[in-house]
Structures are given as structure tokens and as C-alpha cells.
Amino acid sequence: MAAENDELLLRRLAMEILLEADKEKEFGNTILKSVLDKYDYLDGKKKAFVKKLAMGCLERRIQLDYVINLYAKTKTAKMKPVIRILLEMGAYQILFMDQVYDSTACNLCVSLAQKKGFSSLSGFVNGILRTICREKEQIPWPDYQKEKMEYLHVFYSQPKWLISLLTEQYGEETAEEMLKGFGCEPETSIRFPESVPKKRRDALMDAWEQAGIEVTRQTLLPYACSVRATDRISNMEGFETGEFVVQDISSMLVCECAGMKAGDVVFDVCASPGGKTLHAADKLQGTGQIYSFDLTPKKVDWIIENAERLGYDTITAKVLDATKYEEAYKETADVLLADVPCSGMGVIARKQDISHNLSEEKLESLVSLQREIVANVSRYVKKGGTLVYSTCTLNKKENDENVAWITEELGFHRVSLKEKIPQEFHPYLNDDGTLQLYRGKLPCDGFFIAVMIKD
């Protein structure tokens, strides 16, 4: 009986995560962390189950709703949220979790419907899920050749407008590769400060492996690695002593491309949680000064906490609205990092609900905000200084078109990144020397980087 209660608890937690994400329009991974922190006593396998079920339902929502709507008279768009989410959870377990018996998936979803006060609809939930169990080998999926858009929409669970946008901007082949990347299980990338000797890095990675963590020793950047199957990063050896920091490989390339030199003054204007700020401090090796800014005290506290953990004393973190001009900083920065707020298409693999909360209208408003920020902070760059513009999106309006606007309107010229990045990234260079990464063949987030010099 205890085991059955435990099984029910795990599914209830997944359901609560999905309901909260649906109601508050927050990212599911943020809510997942909050919920699992409250149930920290659960072992790693049970937490992993909750994560797989909740995030899997978010990732495949369109595909799951397609299947449910084949067999339900009341379509998912008109269902009560609890019933829709229970059906999605049941369908996900039946179709994509081989370790779960179909009967278990059905029975526990029915039990949850009853516990949530929907006893009158428990028969409906049971009937739909039992039908999916019987029909799962004969589901009439869209035909790739005859209904390509519908196929991509269903199988990659992405909105049609987003598929059309990527196809228009990148062509069919690259767009589909990007869609596949959205469904990849992302690793956690780790950067070792260059002050940590190679022998110590190897010892840390050996210790992590002995603790059951999967470690991939990266060849793309000598100070990077990636890990999987870790319950909590802060529990890993070396975290408290500041011997590593979590940062995606694509983000690490920003400081590689920036051309920082000893004694430089560096601004990071949309800095939280501070990965690039910390990397800049590492590059300057105790010289110069880094000013790290973000919009709220909470975000700035996060930067300060990370800087203190790694022992950097050249970082000044402050609350600053990047759209508001501060005369005191006029032409102060040798290098300014502007990783601006964006649509986040490059990190959909990490935040599966990004695309479901996006719209074409939001994209337009983001472009306006990005230009407002850059027009303001570009005034902090010295003449002859460097502006590094970056985003974690794939949308060319936020990337290529913004860079063209910056060079035409704000008095900057582009610098090619070809000589600044490892050979493995060269296929992702644009004709103008900017860099557009995307998850697929590369083990990193989708990311755009452009380096420009102030005339």
C-alpha cells in the first residue's frame, strides 16, 4: 500500500506542476524546482520521475492533445484544466514511458481525478486512456509527405507559426534540425575558472563520476565539461569552494569573442545570474573592473552571491535599468556585454513551454525593447571600444536585423568572429562574421553573438 501511495504522490506532484504552469504562465522548470525543493526527502530516482513526467507533458503537449482529441468527443481546448492535464499525463505514460504499465497509468490518473473532486468525470478519463492503450500501435499520425506542416506541428509539438518562421528564415532542412534540437535532453554545462589547474579539474570530474554523475569532458573549450544525472549541482564537490560555475558553452563564447585585455573596464548590462560577469573576471585575472547590472535587487544579489563564492573582488554589481541612461557611465566601458532579453527560442530544450507562451506580437515588442536597450547602453562604450550583442534566440529579427540596425544607426562596425572561436563552430558563422548556434549537432543552447567596434 505504501508503494501505491508513493506512486500516486509522484503523479500528484507532476499534476500540480502542470496546473501551476498552466495557471500562472510561468516556466515549468521554475515551478518544478520549487516543488521538488519542498519534497527534498525524495530520492533521486523519484525526483527524476516527476521531472520526466511533468516536463515531458509540457514538451509534447500538442502531440498529446492530438492523440486525446482523436478519441474524445469533448476536445482538450474545452476540457477543465485538471481533466486535460490528467489525460495528457496518462497519454504520456502510455506512449512514452515504457517503464510504466499501461494499467498503472490509467488507474492512478483515475484516482487523481477522484481526489481532485471530479469523480463524475473519472469514467471519462478511464475510457479515453483505455482507448489509447488499445489503439497506441494504430494511431493515425499525419503523413510526412502529404501533410508536412501538420506532421512537424504534431511530432515536434511546436506552434505552426513558429515552424513557418524558422522555415522562412533558415530553410526546411535547418528548420527541422532546429525542431529536433528542441526535443533533445539538455546537459548541464560547467566552466572551470582558468585558475583551477588541469590536474584538479580531472580530479573533480573523477569524483563526480564516482558519485554516479555522468560527465562528458568537452573538447570544444578546454575549461568546460558537461554533466547529467545530478540531483543538485550545489551538492557537487567543488561548488562551495568556487572551483566551477554553471554556464552553457554557447554563453562561454561571449567572453572568448570579446577580446578583453588586462586592465579593461567591462560592463555586463543584463547580467543575472552572472555567468558572463564571472567569466570576464576570470579573463582579466584580477585586473581591471567589471560592472554587473540587472533590473532587480534579487537578480543583483544572485550575481553577488556567485562572485563571492568564486572569490572575485573586481566585480561591482548594481541595480540598473538598461533602458535608462546614467550620465556617470558615459564612454566608460572598454567592453560592454549586452545579452538582451529575447524570445528564448534557443533554450526551448530547457524550457519546453517557451514556444507555447510566445506569439508573433510578442516578438515584435521584444525587438523594440532590444533596440531601446542597445541604443541606451551603447553610450557607455568608449570610442574604439567593443560592444558584444548576444541573445539566446534563433529569430533573425532579434539577431541579424538588430545588428544591421546597430551598425547603421549607432555608429558601430562588425568584427568577424572567425579568428576568435574554435574551428568546430565555423560552420555556424554567418556571412557577416556573426555567429548563430543552435542545438542539434552541437551540445549547446541556441545562441547568437555579434561583436562590434564603436567608430
Side-chain angles (χ1 to χ4, degrees), residues 187-196 198 201 216-226 244-271 273-290 292 306-307 310 312 314-315 333-340 342 346-347 381 385-393 399 403 412-430 432-439 441-454:
E187 63 298 297
T188 298
S189 293
I190 281 174
R191 179 177 60 78
F192 297 103
E194 293 180 40
S195 58
V196 177
K198 184 180 183 303
R201 297 176 199 172
T216 301
R217 289 160 165 78
Q218 292 290 350
T219 57
L220 295 171
L221 294 170
Y223 48 73
C225 74
S226 59
F244 71 88
V245 65
V246 173
Q247 185 180 11
D248 194 75
I249 288 172
S250 57
S251 174
M252 297 178 202
L253 288 174
V254 169
C255 287
E256 287 295 322
C257 294
M260 298 171 191
K261 58 187 184 301
D264 273 353
V265 174
V266 177
F267 280 24
D268 189 357
V269 295
C270 300
K276 287 179 282 295
T277 291
L278 300 172
H279 199 181
D282 190 33
K283 287 288 184 188
L284 295 183
Q285 297 183 336
T287 71
Q289 184 67 41
I290 298 105
S292 188
N306 279 322
L310 271 76
Y312 293 127
T314 54
I315 295 170
D334 295 290
V335 177
L336 187 142
L337 311 178
D339 189 2
V340 295
C342 69
V347 293
V381 182
T386 301
L387 168 66
V388 185
Y389 177 86
S390 61
T391 73
C392 58
T393 192
N399 296 338
V403 169
F412 287 80
H413 64 270
R414 299 179 189 85
V415 174
S416 174
L417 303 183
K418 187 172 183 179
E419 303 304 319
K420 298 175 180 290
I421 58 175
Q423 185 77 31
E424 290 88 345
F425 296 106
H426 284 190
Y428 301 89
L429 285 166
N430 296 320
D432 62 0
T434 59
L435 183 69
Q436 178 66 72
L437 304 172
Y438 56 89
R439 185 171 290 280
K441 295 175 183 175
L442 289 174
C444 64
D445 291 336
F447 214 80
F448 175 83
I449 305 173
V451 173
M452 291 163 278
I453 304 297
K454 192 170 190 177

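Atoms considered below: every heavy atom in the structure, side chains included; atoms not considered: hydrogens, waters and symmetry mates.
With hydrogens and angles ignored, the 3.5 Å screen pairs a side-chain donor or acceptor of Thr287 with a backbone N or O of Gly263. Between the side chain of Asp248 and the backbone N or O of Cys444, no donor-acceptor pair lies under 3.5 Å. Looking only at distances, a side-chain donor or acceptor of Arg201 sits under 3.5 Å from a matching main-chain atom of Val196. No donor-acceptor distance shorter than 3.5 angstrom exists from the side chain of Asn399 to the backbone of Phe448, with no hydrogens or angles considered.
Taking both residues in full, the closest heavy atoms of Arg191 and Gly275 are given as NH2-O, 3.8 Å, listed atom of the first, atom of the second, then distance. When all heavy atoms of Arg414 and Met452 are compared, the pair lying nearest together is CA-CG, 4.0 Å. Heavy-atom minimum distance, Ile315 versus Ala281: CD1-CB, 4.0 Å. The two residues Leu387 and Ala338 come nearest to each other via the heavy atoms CD1-CB, 4.2 Å. Minimum heavy-atom separation, Ala307 to Leu278: CA-CD2, 3.6 Å.
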Applying side-chain contact (heavy atoms from CB on, under 4.5 Å), run through Ile449 and Ile421 and close with a yes or a no. CA-CA 11 Å; Ile449 305 173; Ile421 58 175; over 6 Å; no

Any chance you could lay out the side-chain contact (heavy atoms from CB on, under 4.5 Å) test for Thr434 and Tyr389, step after step, and finish with the verdict? CA-CA 10 Å; Thr434 59; Tyr389 177 86; over 6 Å; no

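Considering only heavy atoms from C-beta on, Gln218 comes within 4.5 Å of Ile249 through its side chain. Contact of the Leu435 side chain with the Leu253 side chain is registered, since non-hydrogen atoms from C-beta on lie closer than 4.5 Å. By the 4.5 Å heavy-atom criterion applied to side chains, Ile290 and Leu284 are counted as neighbours. A heavy-atom distance below 4.5 Å is found between the side chains of Leu337 and Met260. With contacts defined as side-chain heavy-atom distances shorter than 4.5 Å, the pair Pro222/Phe192 does not qualify. Inter-residue side-chain proximity for Pro193 and Tyr312 is flagged as met; some heavy-atom pair is nearer than 4.5 Å. A 4.5 Å side-chain heavy-atom check between Leu221 and Pro422 finds at least one atom pair inside the cut-off. Side chains of Thr386 and Val381 form no contact here, defined as non-hydrogen atoms less than 4.5 Å apart.
The CD atom of Glu424 sits 9.0 Å away from atom CG of Leu442, with the distance rounded to the nearest 0.5 Å. Between the NE2 atom of His426 and the CG atom of Leu417 there is a distance of 9.0 Å, given to the nearest 0.5 Å. In this structure, the separation between OG1 on Thr277 and CG on Leu310 is 12.0 Å, given to the nearest 0.5 Å. Residue Phe447 holds its CZ atom at 8.0 Å from CG of Asp445, rounded to the nearest 0.5 Å. Distance CG/Leu437 to SG/Cys392: 12.0 Å, rounded to 0.5 Å. The distance from atom CZ of Arg217 to atom OG of Ser226, rounded to the nearest 0.5 Å, is 10.5 Å.
The existence of a salt bridge linking Asp268 and Lys276 is excluded, since no basic side-chain nitrogen approaches an acidic carboxylate oxygen closer than 4.0 Å. Lys283 and Asp264 are not joined by a salt bridge, as no carboxylate oxygen comes within less than 4.0 angstrom of a charged side-chain nitrogen.
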